[in-house]
Amino acid sequence: MTDALWSLPITELARRIAGRSLSSVELVGACLDRIERLDGDLQSFVCLSADALEMAQAADAEIAKTGPRGPLHGIPIGIKDNYTTADLPTRAGTAVDALTFPRTDSHCVAKLRAAGAVILGKLRMHEFAWGMVTPPTRNPWDLARVPGGSSGGSGAAVAAGLCPAALGSDTGGSIRIPAALCGVVGLKPTYGRIGRSGIVPHSWSLDHAGPLSRTVADAALLLGVLAGSDPDDPAASSAPVPDYRAALAAPVRGLRVAVIRNHFFEAIDADVAAAVEAAIRFFAGEGCPVRDVAVPSLRYGLGAIYAIELASSAAYHDRNRAQGHVNGFAADVRDLVEMGRFVTGPDYLRAEQARALIMAEMAATLAEADVIVTPTAPLTAWRSDESTVTIAGRPESVLAASWRLTYPFNLTGLPALALPCGFDRRGLPISLQIAARPFAEDRLLAFAHRYEQAHDWWRQVPPFAREP
């Protein structure tokens, strides 16, 4: 891209568009050129909007006449393929042709359009948001490695500079895991903070919508646009939406940090541990009291989320199974959907009881702390041919390992953000996870922003994406 536009955050791109030193047509055209050059190898986009340049022209004309609607006006955004769109097909990652989805804009896409954003295209995902691999998408830090899932296309595209930001969905970590493995920011807000109507469901009580971006400030900007009531999502909150961008300037000195040592630090890669411990020391140096705590009921967490997620997915796909469509799913997804039929009513109720215990203990932790700091993932991106990995001397399936540290914040519905905090010995990104009280995204974002401003991890570019 001219002047390395691909490396700039939305905050800077918006400033240039508002000042008329950059046009939306230039920016969208540069993104499309970069996609043409790089995405044949990366495989992050499912399809592109045929009208992207026309939408950019309309944005430029409106900006010239009346000024920008806001900071997203004229900014190209990628959309995960489980968000329905009026002008692009939705496949939810499946190859089953008999399954179709509405050609209407989901709540979040409609909000982006109202803000003047240009919908660039649809991004690959693991089928029906189930897995952690997102085939055939590759990780721009190493094309032999996975980008994570299920929002792998979103993570890879933002990391490689194919689009400034993208939407993802997160049921057990599917925004934060690809953000971690691809070295970008991923925000899962409080359950209900962003409306989910028009997103193909996976698990109604666990699904969250949110953005992936280059910086924390961009995540704040996007959350400000996306948050708010959604009349078609009964779980969506109508609580007032703060000025998240203004909140970034809030001081963090004196904010109390809880470090949950059990579960989150028990089996993690040594490089990950070192990077996260360095981040914790940074916050201590910023005048934040740090306290180690335990959340004992997390030992029930994996069984609880598996029972809830499996049962929810099986319920959603009940008609697809009856009509034989599940037979066309990828083997890993088909097996998980079928497994959900074996979750009994008592199993589900026990899972919800365990969930309530975890929520109560997390609430008690946050009654005496302002944020929780953990690793996002216990490992960095694994090779696409690996089904198991060894972490701290213990073999573990990549499915179990990848979401082990993210799913607690889906069970509890707490807001959580992933951001880069270093690199391992192979040059792969490591990610820090920060969580906060319900609807305290303003404090969460300010805390993450302070860390990001003191480090330059977000400026690092994957070798594959660097200009010659």
Side-chain angles (χ1 to χ4, degrees), residues 1 3-31 49 52-53 55-79 83 105 107-120 154 157-158 161-168 175 179 184-187 189 193-195 209-228 240-250 417 419 441-442 444-446 448-450 452-453 458-459:
M1 292 183 183
D3 196 25
L5 295 178
W6 58 269
S7 67
L8 298 177
I10 294 175
T11 49
E12 174 61 19
L13 295 170
R15 187 189 68 79
R16 295 188 185 191
I17 287 175
R20 308 292 300 283
S21 64
L22 173 67
S23 71
S24 178
V25 167
E26 289 176 300
L27 178 57
V28 171
C31 286
S49 172
L53 286 172
M55 287 187 280
Q57 289 172 348
D60 286 334
E62 182 180 343
I63 290 167
K65 185 176 181 179
T66 61
R69 301 181 198 175
L72 288 187
H73 203 170
I75 300 294
I77 305 292
I79 308 296
Y83 288 74
D105 279 342
H107 175 75
C108 287
V109 170
K111 281 205 156 190
L112 289 177
R113 291 197 204 273
V118 174
I119 304 305
L120 192 59
S154 298
V158 173
L162 305 190
C163 56
L167 295 187
I175 288 172
V184 299
V185 173
L187 172 62
R193 179 73 286 189
I194 296 177
L212 294 93
S213 60
R214 287 188 61 79
T215 68
V216 173
D218 286 357
L221 187 158
L222 285 155
L223 181 61
V225 169
L226 297 170
V241 178
D243 186 340
Y244 294 116
R245 293 183 69 194
L248 296 175
L417 180 145
L419 76 161
E441 284 87 358
D442 48 355
L444 169 64
L445 289 160
H449 181 68
R450 177 69 195 104
E452 185 180 76
Q453 291 297 293
W458 72 272
R459 297 182 186 276

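Because the structure is predicted, anything quoted here is derived from the model rather than measured.
Minimum interatomic distance between Ala115 and Val225 (heavy atoms only, all atoms of both residues): CB-CG1, 3.9 Å. The two residues Met55 and Ser49 make their nearest non-hydrogen contact at CE-OG, 3.4 Å. Closest approach of Asp60 and Ser24 over heavy atoms only: OD1-N, 2.7 Å. Considering every non-hydrogen atom in both Pro242 and Arg193, the closest pair reads CD-NH1, 4.1 Å. For the residue pair Ala247 and Asp442, the shortest heavy atom distance occurs at CB-CB, 3.6 Å. The two atoms that bring Tyr83 and Gly168 nearest to each other are OH-O, 2.6 Å, heavy atoms only.
Residues meeting the side-chain hydrogen bond (donor to acceptor under 3.5 Å, both in side chains) test with Arg69, sequence neighbours left out: Glu62. Residues that satisfy the side-chain hydrogen bond (donor to acceptor under 3.5 Å, both in side chains) test with Asp105, not counting sequence neighbours, are Arg113.
Between Pro164 and Ser213 the shortest side-chain heavy-atom distance does not fall below 4.5 Å. Side-chain contact between Thr215 and Glu452 is present, with at least one heavy-atom pair separated by less than 4.5 Å. Contact check for Glu441 versus Leu417: no side-chain heavy atoms found under the 4.5 Å cut-off. Proximity of Cys31 to Leu162: side-chain heavy atoms (C-beta onward) are nowhere separated by under 4.5 Å. Two residues are said to be in side-chain contact when any heavy atoms from C-beta on lie closer than 4.5 Å; Arg20 and Ile63 meet this criterion. Residues Leu27 and Arg16 are not in side-chain contact: their nearest non-hydrogen atoms beyond the backbone lie 4.5 Å or more apart.
From Cys108, atom SG reaches atom CD1 of Ile79 across 8.5 Å, with rounding to the nearest 0.5 Å. Within the model, atoms CG of Leu13 and CG of Leu8 stand 5.0 Å from one another, a figure rounded to the nearest 0.5 Å. Atoms CD1 and CD1, on Ile119 and Ile77 in that order, are 7.0 Å from each other to the nearest 0.5 Å. Leu248 CG to Thr11 OG1: the interatomic distance, rounded to the nearest 0.5 Å, is 9.5 Å. Atom CG of Leu444 is separated from atom NE2 of His449 by 13.0 Å, given to the nearest 0.5 angstrom. From Ile75, atom CD1 reaches atom CG of Leu120 across 11.5 Å, with rounding to the nearest 0.5 Å.
The backbone N or O of Leu167 lies less than 3.5 Å from a partner atom in the side chain of Ser154, making a donor-acceptor pair.
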Item to complete: Verify side-chain contact (heavy atoms from CB on, under 4.5 Å) between Ile194 and Leu223, making sure each step is shown before the conclusion.
Response: CA-CA 8 Å; Ile194 296 177; Leu223 181 61; 3.8 Å; yes
Item to complete: Determine, step by step, whether Leu226 and Leu112 satisfy the side-chain contact (heavy atoms from CB on, under 4.5 Å) criterion, reporting the C-alpha distance in whole Å, the side-chain angles of both residues, the deciding distance to 0.1 Å, and the verdict.
Response: CA-CA 7 Å; Leu226 297 170; Leu112 289 177; 4.1 Å; yes
Worksheet item: Could you go step by step and tell me if Leu222 and Leu72 meet the side-chain contact (heavy atoms from CB on, under 4.5 Å) rule?
Response: CA-CA 8 Å; Leu222 285 155; Leu72 288 187; 3.9 Å; yes
Practice prompt. Start with the C-alpha distance between Ile17 and Ser23, add both sets of side-chain angles, then the distance that settles side-chain contact (heavy atoms from CB on, under 4.5 Å), and finish with yes or no.
Written response: CA-CA 6 Å; Ile17 287 175; Ser23 71; over 6 Å; no
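Legend: salt bridge (Lys or Arg N to Asp or Glu O under 4.0 Å) pairs involving residues 214-227, not counting sequence neighbours: none detected.
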